[in-house]
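Okay, structure first, notes after.
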Amino acid sequence: MNPWTYFRDNQHEVLQWTWTTVWLAAAPIAVGLAIALPLGWIASRYRWTYPPLVTIAGLLYTIPSLVLFVVLPGLLGTKILAPINVAVALTIYTVALLVRVIADGLSSVSAETLAAASAMGLTPRQRLFAVQLPIAVPVIGAGLRVAAVSNVSLVSVASLVGVAQLGTLFKIGSDQGTLTPIYLGLILVIALALIFDGLIMLGVWLLTPWARAVKS
Amino acid sequence: MTAADNGLDFSRVGIWLNDPANWWGQNGLLVHLREHVYYTLIAVVIAMIIALPLGLLIGHTGRGVVLVAGLANGLRAVPTLGAVVLLVLWLSPKIHWDVTVPALVPAGAMPYFITVQIVLVILAVPPILANTYAGVRNVDPAVRDAAKGMGMTGAQVVRKVEFPNALPLIMSGIRSATLQVIATATVAAYAPFLGGLGRLILDSNDTINDPHTGYPAMVSAGIVVALLAIVADIVLIGLQQLIVSRGVSGRFSRRATSAVPAAEVQLAQA
């Protein structure tokens, strides 16, 4: 049986699992970015906060995903099978990865550029949103791509603790001793990762019109 | 909501950890910790043997950068669980080499051990490879020219100039590879006959409400995995400070000691 036949035969479940995987990977990216932006700004604005923030982020990043999936229900009081555990775990990873990237991206804006912005009469807040943040977009985008792609792949680990999503196909294949669901799972997970990756690249491209103007 | 609502009680974790049998027993934490450390060491060392020379070569010649960057990013998209399950199902039955290694590979486990090691090595190669060639590419061209101007051969430039200068980034690649392998080795317990701390986590999931083998065992094993990851990282940071020339680390110290790999992010930009 080829993966396509398997997909047609189990269309309902597979589509549902795909959808679960999409939101379990996407929501943490959005929430993680929203949390990491102010933290990254603090780390770049007040230099003394950089080492502790980056160290804590690094420590969080070292916790294996399976461990977080398992420990979070005890901490949050959620059910072990609840998808929210997965979403929270991936949000933690996203924040851990992005804080450093955002801090470095904001700090990488050259002093001349900042001085020019100030000389044009921009307040520090305007300067942040109109100059620093846009210039940091490619760096932040690169971090987001790493986070998004690894999120999609990490979601499938959650099938080990029973959360139904595309990783469930791996479990089915393993339990039944057939390769077809595993192939289908790999195809769909990798395709999703590439779609996320492409969307973020597109977003960066749209947000940085000046980069195109210079090139052409 | 309190923890009691879901029947998953953290207070039992302390009780579980206080029982020496859970540490020293046949199915105890220490046995699985030892297996976990062995799996990790073997995979990271094999990955280094593959990735370091290749990374130095690519960095030195500048050839194949695009290919390797694409490959490293592409591999990140492959779900590790899927890779483990696929190889266990497809490759393991084809391996007929049955050797037992005391304290590492029990009877009948060799086909699965090899399979899991392949997955772990595949995961560990990209960060080391990417950081090695990025480290070499990042060496100040003036420094490289000076070395050539002094009459060094290509091999000498690699050995005496590029490698020492790239070492902080190489070490950060080895660190992220190690962390990834420690994390993934828990998933590897999905393969039959194999141990590691993931064994406790997965087996406990089946008996989650049992006070002896259920959630407390799961969380305890998880905590030990996290501690192992942190200790491994600290050991590697210490090693890095020992082996990186002070002339180099003076310039790169902050970048080199943070846990999230800078080079990988840079690569994704390319």
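Lettering of chains follows the sequences in order, A, B, ..., and the numbering in each one begins at 1. Only heavy atoms go into these numbers, but all of them, side chains included; no hydrogens, no water, no symmetry mates.
- Scanning residues 155-163 of chain A against chain B with a 4.5 Å non-hydrogen threshold yields A:Ser156, A:Val157, A:Ser159, A:Leu160, A:Val161, sorted by number.
- Looking only at side-chain heavy atoms (C-beta outward), A:Ser153 and B:Val78 stay at 4.5 Å or farther from each other.
- Looking at B:Ala232, neither its backbone nor its side chain comes within 4.5 Å of chain A, counting heavy atoms on both sides.
- Listed here is the closest heavy atom pair of A:Gly177 and B:Leu89: C-CD2, 3.8 Å.
- A distance of 11.5 Å separates CZ in A:Phe69 from CE in B:Met218, rounded to the nearest 0.5 Å.
- Here OG1 of B:Thr80 is found 9.0 Å from CZ of A:Phe170. Values are rounded to the nearest 0.5 Å.
- Taken from CG in B:Leu81 to CG in A:Leu166, the straight-line distance is 11.5 Å, to the nearest 0.5 Å.
- Using a 4.5 Å cut-off between heavy atoms, A:Tyr183 contacts chain B through its side chain alone, with no backbone atom that close.
- Heavy-atom distances place both the backbone and the side chain of A:Ser174 under 4.5 Å from chain B.
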Exercise for review: Determine, stepwise, if the pair B:Leu179 / A:Tyr61 fulfils side-chain contact (heavy atoms from CB on, under 4.5 Å).
Suggested key: CA-CA 9 Å; B:Leu179 292 184; A:Tyr61 208 70; 5.7 Å; no

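- Ranking A:Leu75, A:Leu68, A:Val152 against chain B, the residue ahead of the rest is A:Leu75, based on heavy-atom pairs under 4.5 Å.
- Heavy atoms closer than 4.5 Å to chain A are found in the side chain of B:Ile201, but not in its backbone.
- To the nearest 0.5 Å, the span separating CD1 on B:Ile182 from CD1 on A:Ile63 amounts to 13.0 Å.
- In this structure, A:Leu186 CG and B:Leu86 CG are separated by 6.0 Å, a value rounded to the nearest 0.5 Å.
- With a 4.5 angstrom heavy-atom cutoff, A:Leu192 does not touch chain B via any of its atoms.
- Comparing B:Val84, B:Val225, B:Val88 by heavy-atom pairs within less than 4.5 Å of chain A, the highest count is held by B:Val225.
- Side-chain contact between B:Pro79 and A:Ile190 is present, with at least one heavy-atom pair separated by less than 4.5 Å.
- One N or O on the side chain of B:Tyr215 and one on the backbone of A:Gly74 form a donor-acceptor pair closer than 3.5 Å.
- Nearest heavy-atom pair, A:Val67 versus B:Gly222, reported as atom, atom and distance to 0.1 Å: CG1-O, 3.3 Å.
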